[in-house]
Structures are given as C-alpha cells and as structure tokens.
Amino acid sequence: MPERLIDRWLPRLLTLGLTLSAPAPGRAQTDPTASMPPPPAPAAAQSMTAQQEAFAQKRLAIGTAPAQTAPGIPRLPVELFASRPELSQPHLSPDGHYLSVVMEDQQNGEHDLAIYDISAATPRLSSVLKMPHHQVPLNMVWSSPTQLVIEKGQTDGSLDRPAYMGEIITTDILGRHGRYLYGYARDRARYVGASSQQADRGWGWVVDVRHPGDGHFTMAVTEWDRRGHTDLYDVNSLDGHRRLLGGVDIDQAHFITDDQGRPVLGYGQDEHNRYRVYSWQTDHWQLLPQKQTGGLIEPLGLSPDAGRIYTLHSTGGRPLALVEQALDGGGRKVLAHHPYVDIGQIEWTARPRRPFAETLAGGKPYPYYLQPDLPEAQLYRQLTKLYPGLYVHFIDFSEDGKQLLFSLASDRQPPVYLLLNTETGKTHLLFSSQPKVDSAQMAERRSRAFMVSDGTVVEAILTLPADYRQHPLAAVLMPHGGPFGISDHWYYDADAQFLANRGYLVVQVNFRSSGGHSPAFINAGERHWGDRVQQDMIDVMRQLVAEGSVDAHRICTYGASFGGYSALMSVARAPGLFRCAIGYAGVYDLPMMYSKGDIQETSLGRSYLHQAIGDDPAVLAANSPDRLATVINVPVLLIHGKDDQRAPFAQAKAMRDALEAAGHAPQWMAVPDEGHGFYIPANNIRRLQLIEQFLAAHIGTAHSTPATDQ
C-alpha cells in the first residue's frame, strides 16, 4: 500500500484514545416513557371522513418535527459534497481485537481492505489487502478471530451498488495465507494455493459462518450451466476444502444455517417467479407448501428458542412485519408491525441474537423497544440519551459480548463509528466516514406524508434551506433511482445537502414502487413508470405550491438513473409546472432497454423488463421521454458517463438528438471513463458546478430571480 494512503487514513483511527465517557450499562434508572412512541400530532377535526382519518393516521406514522435549521449557514465548497467516504464498512473480529475497514483512494478509484489491531489504546495497522483495479471488497465476514472471508465486487459507477463478481477470497490478520476460495478469475495465481486449482464455472457467495468461528463458513453456488439451481457448501477458509450440503431448485437462492453451519432453510423465487421455501430434513430439502409458509417471508436468522426463526413477513401485500415462527411456518408470533409502513432497521443483542428494538422504514427513525428489559436494550437507551439527535445502530458484538461496534448518524451527520466496552462503559471514537462534514452547517431533512390524486398516501423527504421560513421557495424535485424497492430516507444525502446549501428546497418523493411501504406499494409501480409514478410526484409538488411553500415559477427537477428518466418524463406529463430539467445517467428510450445495456443481457434481466415496463411497443413509445421531445419545452441539462453499462450512453444521445430535432437543444456533459454515476471526484465537482449554474440561470437562487427570463 503506498505510504501516502497510510498517512491519510491511519490518523482517523488514532482517535481511538478519545473517551466520550458513556455510562456503564445497567446503571440508568428505568424510564417509563422510553419505549413509548413520540407524542401524537394535534387532534384532527371531528368531522373527518373515513379516508381523511386514515390519512391522518398515516401522517402521524411518519410525522414531522419542529425545524432546527440554523439561519446564516455559509456557502460551503462544492468539493465537500463531491467526495465519498474514504473509510467504510467496519467489521469487528469475533474476539474484538481486530477491525476490518474498506479504504477507497478517490483519486484513482482503487479500493483496499485494511485490518487494524484495536486491542491496545492506539490502533496498529496489521495488514492491507490491495484489490485489483475497479474491484472492491464488497462483503466481509470473520470466519475465525484471525481469518477474514471476502466477496469481490466490480465497480461500474457511483449510482449502483458494485456488482458481485461471484468470487470469494480469504486473508488473515497479517495479510498472509491469502487464498482464492471460489471463482473464475484471471488473477487466481495471486493467491496462495490457487494456481493448481481448476477454475469454477459459476457464482458463489457467503451465507454465514460458524459460531464460535473455527475458519468454516457456508457458501452458496449457482453454476452457469445449471441455472435454476443453487448448491450449499461447507468451506474451510484455511485450506479451501469444500463439502456439499445439498441444493434447492432456485436460481441464486438464499439460505439460513445454524451456528454449526448446518442447513436450515433455503428460499427464493424460481424461474416462474414463484416464491418457494425449502426446509432441511436430516439429509434432504423438503419444499414447504405455500399455504404453510403463508405469503412472502424474508428469514433473518434463527431464534434462540429451538425450532423457531425470525422473519420479515407479509401476507396479501401488506407491510412487512417482524415475526417469530416455527421453521415450517406455523406458530407465528408477530413481534412488531405497522399498518402502513414496513418494519425497517432492527437492533439485535449479542449472541444468541434476539431483536430488542426496531424502527419504521419511513420517516425519522425512532426506536420502538420489543424487549426493553434486556441489557442491550438498556444500554441502547443510554446511548440514545448520550447522543441526542443521532440514530444509534449496533453493528457487531464480539462473541463474548464485551466489545460493541456501533455507529451514529442523522440527517446532517454521515456515519461515525465507535467502540464500546460493555463492562466498563467506556466509548471510544474510531473514525468518521466523512470528517470534513460539519453537521452544524448541514440542513434539516423532514419527513411528510401527502395524499395524492387517487387517494394513495406517499412520503416525501424535504431538505430545508437555512431561510426556509421565507417562503415561497425555489424548489428542486429530486426523484430517486431504481425504482423498485429503492427509497429516499431521512439520513444524510450529499446531493440534497448541496442543493439546500445553495438555497433550494429539495423534495424527494417515495412514489409508488419505492421500498419501505409494503410489497403491494412496490408492485403498484409495475408498468406505470411514465404515468402514475410521475403523477405521485407531480401531485406533491402542486400541493406544496398550493400551500405557499414553493414558488410556482421556480421549480426544477433533477434525478439520476431512473430519476433521470423521471426528470424528463415529469416535464412531459405536467407542462408548465417545471422551469427546467436535469437528467443524470438516465434512461430516456424504453424500447432501447430491450436491445442495449446490461439489464437485457440475462434472462432474469429480460424478465424484469417485461414485468417492470411491459413489451407493448406503443405503450413503451408513449412513455419514453425521447419520443415526447416536442412537448419538453423547458431548458434541459443531460449528464452521462460514456462507459455506462446500466443506462448506456446511447440513451443520452437519443434524448439529445430528439431535443435538437424538436428545436430545444439541451446543455450537455458527457464524460469518458465514467460509468453509471461518476466516481472521480474532479468529475463530480464539475457535475455539481454545472448543476448549480444551470439552476441559477433558470430558477434563481434562494429568493433571487433567475438570471435569464424563461
């Protein structure tokens, strides 16, 4: 590892000696209100209709809080919002002595995996595993106190999570005995013992490790010439030996194993998109009847109670509930549920793991205690009091429960990682993911609920500029990507913070097809990309205008990936509402998705397209922004990476050509050597600068008028 990278990153972990004097666990007085929900909103009028009453209840579920944005926030440098965390994904070793951390060199986009000895007061760098160019350590698990198993990923761009490569490697705490455990890679010879092994023809991924860790882990494999089937193996990470445990007839299935690595459940969707669950019966897998499993389940892990399991469960498309049930689906006990929102983040005890608190997937996270008397719940409550305004998340316990790795985050604070000794109560700061971000200078993000034109309730996240009380405001509608199962959340968002710092109200709508609001809500967006999905966002913006929060003459829309599609499509659907549109790495021609891009290259991807957008040529054309260029008569900025594989560069060129033919030539930024979203900081700085200039020209800044009259 180059010396300059060690010099840059090691000082962040040297802050370990800083003690924040957290109270010792179990010493706080019992707070009878600690497990109660936030105070309810003011009572509604007595003459409410049933629909209005349902809306009020939903609004309360993701309610608002008083604004805290301080006036006079300075204009912050673009560079602050263009950078990504250089340190991320920390994981604690089973004995609590070591910490693995992913490092990113943002100058060249390369990633490394560092292992630190944190058993002493001052952390010491034990080893660094350098990844090949464009490869990242995507998922890491400790298979023993000294051995780390790593799933490799490939970067394409910053908008999508790096893609799994189906390869698994291992290293020890000293960076020795690295071994290539599974995969097809060309660089197998880099690893000990791999050169003599035959290349695998398939995809592998880690399922779980044994507890306590003895170097063994379970691995799932789908072979290329045996699609529609997944095998489960026990693997010794020390010598690479594999032992087949059996398989299920599901492509890329998920599995649950017990602490000894024995199979328990296998589940997923088959080639006909049917959800299937298999139970292990001594020496074979048994398919469970659908009526027995009872709808969609997402197993989370085994319960300490024999023969039972924790799952997220949904029937009839209702929001996901946290459930404890028997392995065969019987004896179901609902631990937490909400009628309108999925269960979100779950907090777990040390082993044997039990859920002790949960939050809802929508709105500002607030912990609801499931078992408030557990020691971990009492500790969690103390930490939330010690760090008010920050959400506490338990990441890893050591096997003996004496060391806890946890994070703090909020709408203004990117994650900060800390280590707690649960015996002494001392908490040590490890590192901040983005130490240059001053939370006092960031904008408040607020969750609101809106009833749209067909009676559906959607959530929107509003990022408030410092002078938000002086409304009406210039606003930017910023739809998220995906769209299915993806959602905008309350936590820190760099683009939203940048735009708010420049004086804009940023509106992010969790339109139908977004995650967090039930499987039925996700499915409601299928084949409605260009109409109902867009109408959800249009309705929200019109309500903000009607209530006087937003200036009707100063609204722009800006989105990335699916959000880029939405930015152009919403302008076509609501003439006169928007004054400009920005598409970043967007899809603009739906028929092209069947011929170009990486989605259509696999049968699973083609099946997704048929389900998501349909295959009627007339419908696809009617919902493609490039086919509607004649009605997009506002200024447009298109930003795209020329190496984008998800939304290929041809998509941007098609939109540009269509706008030029319609007499509305767009402003243009095309960057070579960038994929689906820009990775290189200099390119992201240019992107944000161009967006800032474009918005200032067409909707003004803060309460100023636009520089050009549109």
* In Å, rounded to the nearest 0.5 Å, how long is the span from CG of Leu544 to CG of Asp539? -> 11.0 Å
* **Any donor-acceptor N/O pair, Glu104 side chain to Val102 backbone, under 3.5 Å** => no
* Going by atom types only, do Arg579 and His553 share a side-chain donor-acceptor pair under 3.5 Å? -> yes
* **Result of checking Phe81, Tyr492, Tyr558, Tyr504 against Phe498 for ring-ring contact (aromatic ring centres under 6.0 Å, His included)** => Phe81
* Asked: For Pro74, does its backbone N or O pair with a side-chain atom of Asn501 as donor and acceptor, under 3.5 Å?
  -> yes
* To do: Go through the side-chain N and O atoms of Asn623 and Arg573 and say whether any donor and acceptor fall under 3.5 Å apart.
  => yes
* Taking the side chain from Asp488 and the backbone from Gln508, do they hold a donor-acceptor pair closer than 3.5 Å? -> no
* To do: For the pair Arg446 (side chain) and Ala460 (backbone), establish whether a donor and an acceptor sit closer than 3.5 Å, ignoring hydrogens and angles.
  => no
* Set of residues satisfying side-chain hydrogen bond (donor to acceptor under 3.5 Å, both in side chains) with respect to Asp616, sequence neighbours excluded -> none
* To do: Ignoring hydrogens and angles, state whether a donor on the side chain of Gln497 or Arg445 is under 3.5 Å from an acceptor on the partner side chain.
  => no
* Separation of Glu674 CD from His640 NE2 (nearest 0.5 Å) -> 11.5 Å
* Asked: Is Lys653 paired with Asp626 through a side-chain N to carboxylate O contact shorter than 4.0 Å?
  -> no
* Asked: Can you list the steps and then say if Leu473 with Asp551 is a side-chain contact (heavy atoms from CB on, under 4.5 Å)?
  -> CA-CA 5 Å; Leu473 298 164; Asp551 187 334; over 6 Å; no
* To do: Report yes if some heavy atom in the side chain of Leu638 is under 4.5 Å from a heavy atom in the side chain of Tyr588; otherwise report no.
  => yes
* Tell me, do Ser432 and Gln413 make a side-chain contact under 4.5 Å, heavy atoms counted? -> yes
* Taking all heavy atoms of Ile538 and all of Ala574, pick out the closest pair and write down the distance. => CD1-CB, 3.6 Å
* To do: May I have the step-by-step check of side-chain contact (heavy atoms from CB on, under 4.5 Å) for Phe694 and Ile699, ending in yes or no?
  => CA-CA 9 Å; Phe694 183 82; Ile699 61 172; over 6 Å; no
* So, does Ser433 use its side chain to make a donor-acceptor pair with the main chain of Pro415 at under 3.5 Å? -> yes
* Indicate yes or no: does Arg532 engage Asp536 in a salt bridge with an N to O separation below 4.0 Å. => yes
* **Heavy-atom check, side chain of Leu568 versus side chain of Met655, under 4.5 Å** => yes
* With rounding to the nearest 0.5 Å, note down the distance linking CH2 in Trp490 to CD in Glu459. => 12.5 Å
* Asked: Roughly how far, to the nearest 0.5 Å, is CH2 of Trp529 from OG of Ser566?
  -> 10.5 Å
* Asked: Hey, are the side chains of Leu360 and Ile343 touching, using non-hydrogen atoms and a 4.5 Å cut-off?
  -> yes
* **Straight-line distance of Ser447 OG to Lys364 NZ, nearest 0.5 Å** => 11.0 Å
* Pro575 vs Val631 side-chain heavy atoms within contact, under 4.5 Å -> no
* Given side chains that start at C-beta, do those of Pro365 and Gln345 come closer than 4.5 Å, heavy atoms only? -> no
* Could you go step by step and tell me if His480 and Ser514 meet the side chain to side chain donor-acceptor pair (under 3.5 Å) rule? -> CA-CA 9 Å; His480 63 68; Ser514 301; 2.8 Å; yes
* Classify the side-chain pair Ser513/Glu526 by whether it contains a donor and acceptor separated by less than 3.5 Å. => no
* Using modelled atom types only, decide if a donor and an acceptor are shared between the side chain of Asp105 and the backbone of Glu110 within a distance under 3.5 Å. => no
* To do: Please test Leu462 against Val506 for side-chain contact (heavy atoms from CB on, under 4.5 Å), starting from the C-alpha separation and ending with a verdict.
  => CA-CA 6 Å; Leu462 309 181; Val506 183; over 6 Å; no
* To do: Check the pair Phe678, Tyr584 against ring-ring contact (aromatic ring centres under 6.0 Å, His included), reporting the backbone distance first and the verdict last.
  => CA-CA 10 Å; Phe678 297 168; Tyr584 172 35; 5.4 Å; yes
* Structure fact -> The residue among Asn684, Ile685, Ile691 that forms side chain to side chain contact (heavy atoms under 4.5 Å, CB included) with Val78 is Ile685
* Asked: Under 6.0 Å between the ring centres of Tyr608 and His610?
  -> no
* To do: Considering only NZ, NE, NH1 and NH2 on the basic side and carboxylate oxygens on the acidic side, decide whether Glu547 and Arg448 come within less than 4.0 Å.
  => yes
* Asked: Does the side chain of Ser561 come under 3.5 Å of the side chain of His676 through a donor N or O and an acceptor N or O?
  -> yes
* Would one find more than 12 heavy atoms of other residues, nucleotides or ligands at under 6.0 Å from atom NE2 of His664? -> yes
* Asked: Does the pair Arg687/Asp495 count as a salt bridge with the N-to-O cut at 4.0 Å?
  -> yes
* Asked: Distance from Ile639 atom CD1 to Met669 atom CE, nearest 0.5 Å?
  -> 6.0 Å
* Phe562-Phe511 aromatic ring centre distance below 6.0 Å -> yes
* To do: Please assess Tyr366 against Thr359 for the test side-chain contact (heavy atoms from CB on, under 4.5 Å), listing each intermediate value before the final yes or no.
  => CA-CA 6 Å; Tyr366 178 87; Thr359 67; 5.9 Å; no
* Are any non-hydrogen side-chain atoms of Pro635 and Gln667 less than 4.5 angstrom apart? -> no
* Close side-chain approach of Leu690 to Leu637, heavy-atom, < 4.5 Å -> yes
* Look only at the side chain of Ser624 and the backbone of Leu620, and say whether a donor-acceptor pair between them is shorter than 3.5 Å. => yes
* Please work out which of the three classes, parallel, tilted or perpendicular, describes the rings of Tyr391 and His393, given edges at 30° and 60°. => parallel
* Asked: In chain order, what residues pass the side-chain hydrogen bond (donor to acceptor under 3.5 Å, both in side chains) check against Asp589, with sequence neighbours excluded?
  -> Arg627
